[in-house]
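In what follows, chains carry the letters A, B, and so on, assigned in the order in which the sequence lines appear, proteins first and then strands, with residues in each chain numbered from 1.
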Number of protein chains: 2
Amino acid sequence: MSADPSSRRGIPDATVARLPEYLRALTGFAERGITSVSSEELAAAAGVRSAKLRKDLSHLGSYGVRGVGYEVDHLAYQISRELGLTQDWPVAIVGMGNLGHALAAYSGFATRGFRVVALLDQDCDLIGQEIAGLPVRPMSALADLVAARGLAIGVIATPAASAQDVCDALVDAGVRSILNFAPCVLAVPDGVDVRKVDLSTELQILAFHEQRKALARGSVLVDGSLRRVASE
Amino acid sequence: MSADPSSRRGIPDATVARLPEYLRALTGFAERGITSVSSEELAAAAGVRSAKLRKDLSHLGSYGVRGVGYEVDHLAYQISRELGLTQDWPVAIVGMGNLGHALAAYSGFATRGFRVVALLDQDCDLIGQEIAGLPVRPMSALADLVAARGLAIGVIATPAASAQDVCDALVDAGVRSILNFAPCVLAVPDGVDVRKVDLSTELQILAFHEQRKALARGSVLVDGSLRRVASE
DNA sequence: ACGCGTTTGTGAAGGAATGCACAAAGTCAC
DNA sequence: GTGACTTTGTGCATTCCTTCACAAACGCGT
Ligand SMILES: NC(=O)c1ccc[n+]([C@@H]2O[C@H](COP(=O)([O-])OP(=O)(O)OC[C@H]3O[C@@H](n4cnc5c(N)ncnc54)[C@H](O)[C@@H]3O)[C@@H](O)[C@H]2O)c1
Ligand SMILES: NC(=O)c1ccc[n+]([C@@H]2O[C@H](COP(=O)([O-])OP(=O)(O)OC[C@H]3O[C@@H](n4cnc5c(N)ncnc54)[C@H](O)[C@@H]3O)[C@@H](O)[C@H]2O)c1
């Protein structure tokens with residue numbers, strides 16, 4: 001009953017999260033004309049250990065050749081297929097402020113299986129303007145986009161205060177995958193996936209380790225600030 | 001010899017990654033004038049289970065009161081201190097293209113313990129221009145920024161092709177924490193932390209789950225594209 | 001045909017993170 | 001003070017992820 005590969009059900013989340021990086025590394029090899037790689041080489045390019053890479057790939061099937069390695073094109077195709085990138089996914093960006101502008105102008109979407117089909121905003125002054133070749137449309141266009149264009153993924157680039165409203169509108173329209181740039185948690189019904197990209201969180205994690213390193217190096221914390229301690 | 005709290009060494013990475021979210025939730029409560037929260041309430045606001053929250057917090061010490069909960073301000077302070085946010089961290093942004101512009105204009109830095117002290121680019125046409133009140137400076141300014149301004153964190157917003165060069169320059173200048181927006185893996189010496197924010201990766205993970213959901217719903221994969229199967 | 005060197009795929013071990021359930025510790029009303 | 005009630009902090013079981021290490025599988029040279 002189940003399709004092609006074997007009897008693989010459920011690829012671990014941790015593995016799925018790394019597949020895009022493997023795909024990117026493979027694309028890099030392909031561009032340099034390399035047609036075959038070992039798990040060791042590919043792992044190095046993707047920044048992981050080879051054992052981890054091999055176990056990850058084993059979840060999608062057995063696409064390597066023992067004693068030789070992996071054929072670059074074939075493996076790239078298999079990963080693409082697993083990730084659902086053999087088709088284009090229609091994406092809408094909501095919130096055409098600073099970040100929305102940058103996202104709209106970003107060429108990295110198209111090259112990786114995504115197509116921005118609409119830019120949305122609430123602001124009357126923005127609606128109708130063209131950004132990166134697309135007109136800004138009102139939120140009321142959402143339902144139609146889902147029905148007519150197969151819109152599947154929504155990107156939220158509005159302030160945090162509006163993010164939940166925008167999210168609700170997307171879900172109501174039938175969007176089931178959301179990428180959220182606003183620094184807040186979104187409540188969604190079952191069956192809807194949300195992923196968050198959060199700049200401040202990343203910086204704060206860096207700050208934690210930076211402080212750690214400074215303290216290990218011998219600095220001291222005075223009044224909440226690091227002070228370099230005289231040494232050597 | 002070790003300072004205040006108890007004998008806590010080594011907070012789990014997974015916990016550190018969630019502390020910023022807890023901090024944000026606490027800030028939200030504080031803004032609404034709420035002075036005390038239970039682990040249940042705080043967990044809901046942060047999007048986790050209360051047991052996980054309590055275990056996370058237990059790693060920083062015992063700052064709750066049984067039968068009552070946590071004092072919002074006090075807990076926020078403790079988390080801030082742990083993350084190293086009681087001091088400001090000087091940040092430089094390298095690469096003043098679309099994304100760099102948006103980042104420079106972003107107010108979310110300052111409100112969370114970070115201060116953008118410099119904008120850098122290689123492009124002669126950009127150098128000298130003012131963006132969001134700061135002049136764009138050449139890469140040669142790096143060494144001085146580290147020495148004179150205590151620059152600790154570098155943000156890379158250049159194309160992937162230049163990212164490793166920029167990274168090397170940052171490391172040479174003494175920067176030990178890097179946030180990378182370019183879609184590539186960076187090689188750094190021991191003692192340097194890199195975190196990556198990658199839009200495409202996130203979208204691809206969403207695509208994976210989206211495809212999964214579509215297949216579960218009864219669609220079929222024809223030639224790499226999803227086809228809705230006639231039903232009810 | 002056959003053995004040698006190489007590299008995959010995977011069981012098994014180890015470690016990290018999560019979820020459960022409850023004793024301990026506190027508040028508050030009276 | 002005392003007892004009822006609430007909520008924390010944590011030991012334990014479980015699940016998830018990573019790492020190790022090696023037998024099985026393959027290509028190639030002879
Ligand atoms: N700018 C950055 O570099 C950056 C970085 C990280 C995170 N963020 C986050 O991304 C989000 C957007 O940032 P920004 O700097 O572009 O903000 P911005 O204020 O420049 O733009 C927000 C846009 O959203 C629109 N909007 C507001 N409410 C809306 C609604 N209900 N429906 C539709 N559109 C609505 C506004 O009209 C505006 O055009 C914020 O949550 C911010 O915290 C931004
Ligand atoms: N724009 C987006 O929304 C977006 C989203 C996700 C990821 N990214 C990634 O972020 C990066 C920047 O994107 P962008 O759209 O702003 O690109 P961009 O081309 O608009 O800007 C790149 C800037 O980097 C500068 N630069 C190039 N080489 C440099 C060097 N060696 N030293 C210093 N500066 C240098 C260029 O002068 C230019 O100003 C890219 O890697 C892109 O893939 C962008």
Length of the CG-P vector between B:Asp13 and C:dT18, whole Å:
11 Å
Length of the line joining B:Leu75:CG and D:dT8:P, which is rounded to integer Å:
11 Å
May I have the distance from B:Leu57 (atom CG) to D:dG9 (atom P), rounded to whole angstrom?
7 Å
In whole angstroms, how far is the C1' atom of D:dC16 from the CD1 atom of A:Ile11?
16 Å
Base of C:dG19 paired with side chain of B:Lys55 (donor-acceptor, under 3.5 Å)
yes
B:Glu71 and B:Ser36: side chain donor to acceptor below 3.5 Å:
no
Closest to side chain of A:Tyr70, choosing from C:dT27, C:dA17, C:dT8
C:dT8
Hey, is the side chain of B:Arg66 pairing donor to acceptor with the base of D:dT8 inside 3.5 Å?
yes
5′-ward residue of the pair A:Val68/B:Val68 relative to DNA chain D
B:Val68
Could you give the OH-to-P distance, from B:Tyr63 to D:dG9, as a whole number of Å?
11 Å
Protein-nucleotide distance (A:Leu60, atom CG; C:dT8, atom P), rounded to Å:
15 Å
Can you name the closest pair of heavy atoms from A:Arg212 and B:Ile11 and give their distance?
NH1-N, 4.3 Å
Under a 3.5 Å distance rule, please check whether B:Thr111 uses its side chain to pair with a backbone N or O of B:Gly108 as donor and acceptor.
yes
In whole Å, I'd like the distance from the NZ atom of A:Lys52 to the P atom of C:dA16.
13 Å
What parts of residues 25-51 of chain B reach DNA chain D, counting only heavy atoms under 4.0 Å away?
B:Ser38, B:Ser39
Distance check needed: D:dG9 C1' versus B:Asp56 CG, whole Å only.
13 Å
Checking contacts here: which listed nucleotide (D:dG9, D:dT19, C:dA17) is nearest the side-chain heavy atoms of B:Ala14?
C:dA17
Check: B:Asp56/B:Tyr22 side-chain N/O donor and acceptor closer than 3.5 Å:
yes
Do B:Ser39 and B:Arg54 get their side chains close enough for a donor-acceptor pair, meaning under 3.5 Å?
yes
Looking at every heavy atom in both B:Ile205 and A:Pro20, which two are closest together, and how far apart are they?
CG1-CG, 4.5 Å
Side chain of A:Arg54 - closest among D:dA21, D:dG9, C:dG26:
D:dA21
Please determine if B:Glu40 and B:Arg49 form a salt bridge, counting it only when a charged side-chain N lies under 4.0 Å from a carboxylate O.
no
